[in-house]
Amino acid sequence: MAQGHVILERNRHCGHLEIDIVSLASDGIHFVEVKTRRYSVQAPPQENVGFVKQHRMAAAALNYLSSARGRNYGDMECHLDVAAVLYSEDGSTLSISYLPDAVLPIFW
């Protein structure tokens with residue numbers, strides 16, 4: 001929301017697919033995967049969005065756009081983003097990184 005997004009939905013399930021956040025911004029509609037990790041984990045959270053998850057994100061976005069709620073946004077630019085949240089050992093938030101267009105589903 002700090003970057004000008006309006007949240008349309010959170011935790012939208014469509015069958016076995018899920019979209020963590022669907023938001024609307026001036027540049028189009030965004031489908032956001034949120035990954036959280038504790039600081040002690042070696043890899044940053046965004047590195048856990050592998051090929052299978054990227055494929056599911058694209059499928060969930062298409063499912064949303066073909067649904068009654070998503071039809072109004074079908075002509076807009078679509079973005080598949082990742083939000084990475086890193087927590088300390090005591091549970092407080094260390095950092096939040098927003099990675100727009102982290103997934104580019106051009107070969108699916």
Leu62 backbone acceptor or donor facing Ser66 side chain under 3.5 Å: yes
Any donor-acceptor N/O pair, Glu33 side chain to Ile19 backbone, under 3.5 Å: no
Sub-4.5 Å side-chain heavy-atom contact between Gln46 and Lys35: no
Side-chain heavy atoms of Glu18 within contact of Asn11, under 4.5 Å: yes
Verdict with reasoning, His5 to Ser26, per side chain to side chain contact (heavy atoms under 4.5 Å, CB included): CA-CA 8 Å; His5 290 242; Ser26 60; over 6 Å; no
Side chains of Val82 and Val49 in contact at under 4.5 Å (non-hydrogen atoms): yes
Taking every non-hydrogen atom, the tightest pair across Cys14 and Asn63: CB-OD1, 3.2 Å
Reported CG-to-CG distance for the pair Leu8 and Asn72, which is rounded to 0.5 angstrom: 10.0 Å
Tyr98 and His30 aromatic ring geometry - parallel, tilted or perpendicular at 30°/60° bounds: tilted
Within-4.5 Å side-chain heavy-atom neighbours: Leu94 and Tyr87: no
Whether Arg38 side chain and Glu89 backbone form a donor-acceptor pair below 3.5 Å: yes
Same cluster (ILVMFWY, side-chain, under 4.5 Å), Met1 and Ile96: yes
Residues, nucleotides or ligands: over 12 heavy atoms within 6.0 Å of Asp75 CG: no
Tyr64-Leu17 co-clustered via ILVMFWY side chain contacts under 4.5 Å: no
same_hphob_cluster(Met76, Met57) at 4.5 Å side-chain heavy-atom cutoff: yes
Steps toward side chain to side chain contact (heavy atoms under 4.5 Å, CB included) verdict (Leu80, Leu104): CA-CA 7 Å; Leu80 300 177; Leu104 300 173; over 6 Å; no
Straight-line distance of Leu24 CG to Glu9 CD, nearest 0.5 Å: 12.0 Å
side-chain contact (heavy atoms from CB on, under 4.5 Å) partners for Leu65, two or more places apart: Ile29, Phe31, Tyr73, Cys78
Student check: side-chain heavy atoms of Val34 and Ile21 closer than 4.5 Å: yes
Short side-chain to backbone donor-acceptor contact, Asp101 and His79, under 3.5 Å: no
Stepwise side chain to side chain contact (heavy atoms under 4.5 Å, CB included) check, Lys53 with Val103: CA-CA 10 Å; Lys53 185 58 185 176; Val103 176; over 6 Å; no
